[in-house]
Amino acid sequence: MDQDDGLTAVDNLVTQFNTYEDFLDSQITTVDLYYLEDESLARQLVELGYRGTGEIVTREDFEARKAAIEVARLAERTQKK
């Protein structure tokens with residue numbers, strides 16, 4: 001997998017979720033919550049990469065990609081006008 005494929009995967013993740021917490025919640029399973037009994041702890045484990053069902057993305061990466069995508073969308077809208 002080259003670098004461009006990785007960026008595209010992160011971009012897809014970022015566009016799917018409104019907030020970083022929504023992204024973390026999507027990685028938590030019901031079994032995780034059953035055993036941990038704490039959503040905050042489950043989120044921390046996903047954030048650290050110890051648990052989860054998908055790709056590890058830091059909060060900084062998520063927010064940076066979200067901002068970059070928004071800038072690109074605004075530039076595209078401006079160009080169309």
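Residue numbers run from 1 in the order of the sequence given. Worth saying up front: this structure is predicted, and the values here are computed from it rather than measured.
With contacts defined as side-chain heavy-atom distances shorter than 4.5 Å, the pair Asp38/Leu33 does not qualify. Inter-residue side-chain proximity for Glu39 and Asp32 is flagged as unmet; no heavy-atom pair is nearer than 4.5 Å.
When all heavy atoms of Arg73 and Thr15 are compared, the closest pair comes out as NH2-CG2, 3.7 Å. Considering all non-hydrogen atoms of both residues, Phe17 and Phe62 come closest at O-CZ, 3.7 Å.
One hydrophobic cluster, built from ILVMFWY side chains closer than 4.5 Å, cannot hold both Val46 and Leu36; they sit in different ones. Taken together through direct or relayed side-chain contacts under 4.5 Å among Ile, Leu, Val, Met, Phe, Trp and Tyr, Leu48 and Ile28 form parts of separate hydrophobic clusters.
Glu70 contributes atom CD, which lies 4.5 Å from atom CG of Leu74 (distance to the nearest 0.5 angstrom).
Screening residues 16-25 for side-chain hydrogen bond (donor to acceptor under 3.5 Å, both in side chains) gives Thr19-Asp22, Glu21-Arg59, Asp25-Arg43 as the qualifying pairs, with residues at least two apart or on separate chains.
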